[in-house]
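Written below as C-alpha cells is the structure these notes are about.
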Amino acid sequence: GGFYGEKVVNLYNLGLQIRNALIFLPSSFSPILLKITSSSIDAESKSGYVRVIYFLYSLITIFSVFLLLIIKKIMSDYFEVISYMDIVFLGIGALFCSLTMVNFNNYLSKLRVNFVFFCNVFWGVMCVLISYIFYSFLSYNIFIPLVISYILLFIFQLIFGVNDEANSN
C-alpha cells in the first residue's frame with residue numbers, strides 16, 4: 001500500500017496550507033489566552049474563559065471550513081487536487097489542533113513545560129504510527145492520520161493534564 005508521487009506531495013502540501021489557514025485566527029488569539037490564564041483570577045473564572053475560548057475556536061473553525069468549501073467551488077482550478085471531504089477532514093483536524101493550543105497555553109501559564117513537551121512527543125509519535133498503519137495497510141484519505149493524532153492529543157491532554165494538575169497541587 002501507500003501513496004507515492006508528485007500528486008500526493010502536492011495534495012499534502014496544499015492540505016497543510018489549508019490547515020495553517022484554518023488555525024491562523026485561533027493562533028492569533030493565543031497570546032490573549034495566555035495572558036488570561038496566567039492572570040491571578042480564580043480557577044473557576046479561568047475554567048469559564050477556557051470553555052468560552054473552546055466555543056469561539058470551534059465557531060471560527062466551522063466558519064472557516066464553510067468559507068473554504070465555498071472558495072473551492074468558486075476557484076475549482078486551484079483546488080482541483082483536493083476534495084471537499086479533504087477540506088472537511090482538515091477542518092476537523094484544525095479544530096482539534098486549535099483546542100490543543102488552548103490547553104497548551106493553559107498548561108504553559110502554570111509553568112507545566114514538561115507536560116507540554118510530553119504532549120508534543122505523544123502527538124508526534126501518534127502521527128507517525130497512525131500514518132504508517134494507514135499508509136501500509138489501509139486505503140484511506142491522506143489527512144485521516146493528522147485528524148486522529150490531534151483528537152488523541154486532545155484526549156491525552158484532558159485525561160493526563162487533569163491528573164497531572166491534581167498531583168502538582
Side-chain angles (χ1 to χ4, degrees), residues 1-4 8-39 43 46-47 49-58 60-62 64-65 82 85-169:
F3 289 106
Y4 303 99
V8 173
V9 173
N10 290 339
L11 173 65
Y12 195 75
N13 285 332
L14 179 60
L16 289 181
Q17 289 176 10
I18 289 171
R19 186 205 61 130
N20 290 340
L22 290 171
I23 64 172
F24 171 75
L25 281 176
S27 297
S28 300
F29 295 118
S30 289
I32 297 167
L33 175 62
L34 186 58
K35 183 171 175 75
I36 290 171
T37 57
S38 298
S39 66
K46 284 182 189 180
S47 178
Y49 283 128
V50 169
R51 278 191 224 106
V52 167
I53 292 169
Y54 276 169
F55 178 73
L56 290 176
Y57 279 16
S58 300
I60 289 169
T61 304
I62 291 167
S64 299
V65 167
I82 199 158
M85 191 54 77
D86 291 336
I87 293 174
V88 170
F89 279 125
L90 287 165
I92 295 168
L95 172 62
F96 280 96
C97 178
S98 297
L99 297 179
T100 61
M101 284 190 299
V102 173
N103 292 338
F104 278 144
N105 282 315
N106 192 23
Y107 301 141
L108 287 173
S109 73
K110 298 172 184 169
L111 301 176
R112 296 173 57 205
V113 178
N114 290 340
F115 183 69
V116 171
F117 172 76
F118 287 121
C119 285
N120 282 321
V121 170
F122 174 82
W123 178 81
V125 169
M126 287 296 102
C127 193
V128 169
L129 286 175
I130 294 166
S131 294
Y132 174 76
I133 290 167
F134 274 83
Y135 287 149
S136 299
F137 305 110
L138 303 170
S139 174
Y140 76 106
N141 178 297
I142 194 169
F143 301 111
I144 290 176
L146 191 66
V147 172
I148 293 172
S149 62
Y150 277 125
I151 292 171
L152 290 175
L153 173 60
F154 184 70
I155 293 168
F156 181 86
Q157 286 177 332
L158 292 180
I159 292 170
F160 294 105
V162 171
N163 290 341
D164 186 46
E165 195 169 300
N167 293 335
S168 67
N169 291 335

### Message
Minimum heavy-atom separation for G91 and V65, please, with both atom names.
### Response
CA-CG2, 3.3 Å
### Query
Step by step, would you call L146 with F89 a side-chain contact (heavy atoms from CB on, under 4.5 Å)?
CA-CA 9 Å; L146 191 66; F89 279 125; over 6 Å; no
### Query
So how far is it from S131 OG to I148 CD1, rounded to the nearest 0.5 Å?
9.0 Å
### Task
Quick one: pull up OG in S64 and CD1 in I87 and give me the separation to the nearest 0.5 Å.
12.0 Å
### Contact check, side chains of I92 and Y150, non-hydrogen atoms, under 4.5 Å
no
### Task
Mind running side-chain contact (heavy atoms from CB on, under 4.5 Å) on I130 and L152 for me, showing each step along the way?
CA-CA 11 Å; I130 294 166; L152 290 175; 3.7 Å; yes
### Query
Taking it one step at a time, do F96 and V147 satisfy side-chain contact (heavy atoms from CB on, under 4.5 Å)?
CA-CA 8 Å; F96 280 96; V147 172; 5.7 Å; no
Would you mind writing out the side-chain donor-acceptor pairs for residues 114-128 within the sub-3.5 Å range, not counting sequence neighbours?
unit_1: N120; atom_1: ND2; unit_2: V116; atom_2: O; d: 3.4
unit_1: W123; atom_1: NE1; unit_2: S149; atom_2: OG; d: 3.1

For residues 153-162, which side-chain N or O atoms pair as donor and acceptor with protein atoms under 3.5 Å away, sequence neighbours left out?
unit_1: Q157; atom_1: OE1; unit_2: N103; atom_2: ND2; d: 2.8
unit_1: Q157; atom_1: NE2; unit_2: T100; atom_2: O; d: 3.4

